[in-house]
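Just below is one structure, and these are the notes that go with it.
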There are 2 protein chains.
Amino acid sequence: MKGSGVTIEPNGHFCSDCAVRDFAVCSSLDPAELREFEHLGRRVQFSSGETVFSEEDITTSFYNLLEGVMRLYKLLPDGRRQIVGFALPGDFLGMNISGRHNFSADAIGAVTVCQFAKLPFGRFIEDRPHLLRRINELAIRELSQARDHMVLLGRRSADEKIAAFLLCWRERLVSQKGVSDMVPLPMSRQDIADYLGLTIETVSRTFTKLERHGAIDIVHGGINLLDPARVEALAAA
Amino acid sequence: MKGSGVTIEPNGHFCSDCAVRDFAVCSSLDPAELREFEHLGRRVQFSSGETVFSEEDITTSFYNLLEGVMRLYKLLPDGRRQIVGFALPGDFLGMNISGRHNFSADAIGAVTVCQFAKLPFGRFIEDRPHLLRRINELAIRELSQARDHMVLLGRRSADEKIAAFLLCWRERLVSQKGVSDMVPLPMSRQDIADYLGLTIETVSRTFTKLERHGAIDIVHGGINLLDPARVEALAAA
DNA sequence: AAAGCCCGTTGACCCAGATCAATCTTGACG
DNA sequence: CGTCAAGATTGATCTGGGTCAACGGGCTTT
């Protein structure tokens, strides 16, 4: 579902009290810069399932995810899909060198982004090396995650993939909402399958197996980690 | 094989006539900067199979590959290996945010690198945003390649993996030594298998199958692309 | 509340690619 | 030139996970 999103009236939205202020790209900006920066972005909302941008689209904007979860994916011509990542609040999307996006991005549930037009954003960076350094830092971190994911896709069994996914997803949620054994899974089984290079049936079966072994409890919208140690042992790394 | 490499006497080595001058990180530097930069790096040689740096090692240096090919890989505790990339001359290695390398790097055949101590290099970048921009550009390009590779690992068949690998490898060699239907493969079958998430037997069988179909010709140290169109069709993307 | 749909689960079966096991090729070295 | 070791190929067999198919449970719609 292609969506252009809904721009929110800017009343009352200031970078200085933005929820992702401290861990997004903008954490590198001082208060004065932040006031200038404020005029570059506009808040836009997307509803569940809407596509924020598509692979091969000419890049006209960058996005800072403020609220919600997004799936980032690539499609093969015959429809096979590989999800290359899930984005959480604070993630910065859209950087590329070809001038075109190299993956598509959909909202999973309602999403709010801070959208920056490419050119003014590029100009703003120009003489702010600390912002560039911050962007570089995020790119390098993503690269490291991408390599970990290659190991998972190329060399791990279905059981290991699922276990590693649960732990890694929980870990990422920690920085958002603190530690908890309840792990919300807003994405569908199909999304998880396409992320792990499996089929939906294998994902379902593996969850059931983990539940039968008492390692997790499948609840609506997520799972409970009953035995984190056992899941860690399964993830084996 | 862990190796510390052999430093080459600096006589007669100048950045200005470096082979990778135009496409490595240093392409962003002007002649004056280049002269200063020259003192930061030292040329080091590694012989076939030597390890230049290992995953989890504390990062003390960055590397600019000048000559040869390297395999970049991660190991699971039980020895399973995933090659996350092959490095060619001009590639810049070692960036990370944790202070530790996040993959290992071996020489495939003899290799020459330009090695930079981390701290002086970091200081040199400090007030040279154009160099930082160049590094960022390289990171973003690698990220895009990493995502393509995830699709390959997660969603493609063995035949497609091999075909895509041959075409992609040939494409990369174009910028090094021009177009040719002779594709040198300096890495072993095991390396190819670990890059594609397959076993050595499947790689061997798939090569043989391609040869029987007249698409390629297996020669010592590489293959001849007899029917590029057919291989492209197999790669299906 | 009945109908329909979407999503997830479960079972039966199958196959691409892994595993196991020779055998062959090539190059290094006495 | 013969010996050895390392890599590559090939064949036989097995299996993890894919495919196909049925079913169920929780929504929305009317």
Side-chain angles (χ1 to χ4, degrees), chain A residues 1 47-49 71 76 78-82 106 108-109 152-166 184-213 216-223 234 236, chain B residues 1 47-49 71 76 78-83 106 108-110 152-166 184-213 216-223 234 236:
Chain A
M1 185 192 345
S47 47
S48 192
R71 61 173 162 255
L76 290 177
D78 64 1
R80 281 174 289 177
R81 184 176 72 158
Q82 176 66 46
D106 292 348
I108 295 179
L152 179 141
L153 289 171
R155 287 296 179 223
R156 305 185 89 130
S157 69
D159 289 2
E160 292 171 330
K161 284 176 176 181
I162 294 285
F165 166 67
L166 289 178
L185 296 174
M187 69 291 285
S188 70
R189 293 291 189 265
Q190 187 64 66
D191 288 339
I192 297 175
D194 287 345
Y195 181 60
L196 300 177
L198 298 171
T199 59
I200 184 176
E201 292 95 333
T202 300
V203 171
S204 189
R205 273 188 257 269
T206 308
F207 273 161
T208 307
K209 199 199 317 182
L210 283 175
E211 190 175 43
R212 266 201 306 267
H213 290 13
I216 66 169
D217 198 11
I218 302 172
V219 296
H220 184 72
I223 60 115
L234 262 172
Chain B
M1 186 193 341
S47 47
S48 193
R71 59 171 164 258
L76 290 177
D78 64 2
R80 280 173 290 176
R81 185 176 71 159
Q82 176 67 44
I83 291 187
D106 291 350
I108 296 180
L152 179 141
L153 289 170
R155 286 297 179 222
R156 306 184 89 131
S157 69
D159 289 2
E160 291 171 331
K161 285 177 176 180
I162 294 285
F165 166 67
L166 289 178
L185 296 175
M187 69 290 285
S188 70
R189 294 288 188 266
Q190 186 64 66
D191 288 340
I192 298 174
D194 287 346
Y195 181 60
L196 300 177
L198 298 171
T199 59
I200 185 175
E201 293 94 333
T202 300
V203 170
S204 188
R205 273 188 256 270
T206 308
F207 273 161
T208 308
K209 197 198 322 181
L210 282 176
E211 189 174 43
R212 266 202 305 269
H213 290 13
I216 66 170
D217 198 12
I218 303 174
V219 296
H220 184 70
I223 59 115
L234 261 172

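Lettering follows sequence order; numbering is per chain, from 1. Quick caveat, the model's predicted, so the values are computed rather than measured.
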Contact summary for A:Thr202 and A:Thr206, nearest pair of heavy atoms:
O-OG1, 2.6 Å

Minimum heavy-atom separation for A:Gln82 and A:Asp194, please, with both atom names.
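Closest approach of A:Gln82 to A:Asp194: NE2-O, 3.0 Å.
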
Working to the nearest 0.5 angstrom, can you tell me the gap between B:Glu160 CD and A:Arg80 CZ?
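Interatomic distance, B:Glu160 CD to A:Arg80 CZ, rounded to 0.5 Å: 4.0 Å.
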
How many angstroms lie between atom CG of B:Asp217 and atom CD1 of B:Ile223, to the nearest 0.5 angstrom?
8.5 Å

Nucleotide nearest B:Leu198 when distance is taken to its side chain, options C:dA18, C:dT9, C:dT19:
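For the B:Leu198 side chain, the nearest candidate turns out to be C:dA18.
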
What does A:Gly197 touch in the nucleic acid at a heavy-atom separation under 4.0 angstrom: a base, only the sugar-phosphate, or nothing?
sugar-phosphate

Can you tell me how far [atom2] of [N] sits from [atom1] of [X], to the nearest Å?
X: A:Asp194; N: D:dG18; atom1: CG; atom2: P; result: 11 Å
X: B:Asp159; N: C:dC15; atom1: CG; atom2: C1'; result: 14 Å
X: B:Ile200; N: C:dA18; atom1: CD1; atom2: C1'; result: 13 Å
X: B:Arg80; N: D:dG16; atom1: CZ; atom2: C1'; result: 13 Å
X: B:Lys209; N: D:dA8; atom1: NZ; atom2: P; result: 20 Å
X: B:Arg156; N: C:dA16; atom1: CZ; atom2: C1'; result: 17 Å
X: B:Leu185; N: D:dG7; atom1: CG; atom2: P; result: 16 Å
X: B:Gln190; N: D:dA8; atom1: CD; atom2: P; result: 9 Å

Taking the side chain as every heavy atom from C-beta outward, state whether B:Leu152 and B:Tyr195 have any atom pair closer than 4.5 Å.
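Side-chain contact under 4.5 Å: no.
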
Hey, does the side chain of [X] come within less than 4.0 Å of [N]'s phosphate (OP1/OP2), counting only N and O?
X: B:Thr199; N: C:dA18; value: yes
X: A:Arg189; N: C:dT9; value: yes
X: B:His220; N: D:dA8; value: no
X: B:Ser204; N: D:dT9; value: yes
X: A:Thr202; N: D:dG16; value: no

Quick check on DNA chain C: between A:Arg205 and B:Ala158, whose nearest nucleotide comes earlier from the 5' end?
A:Arg205

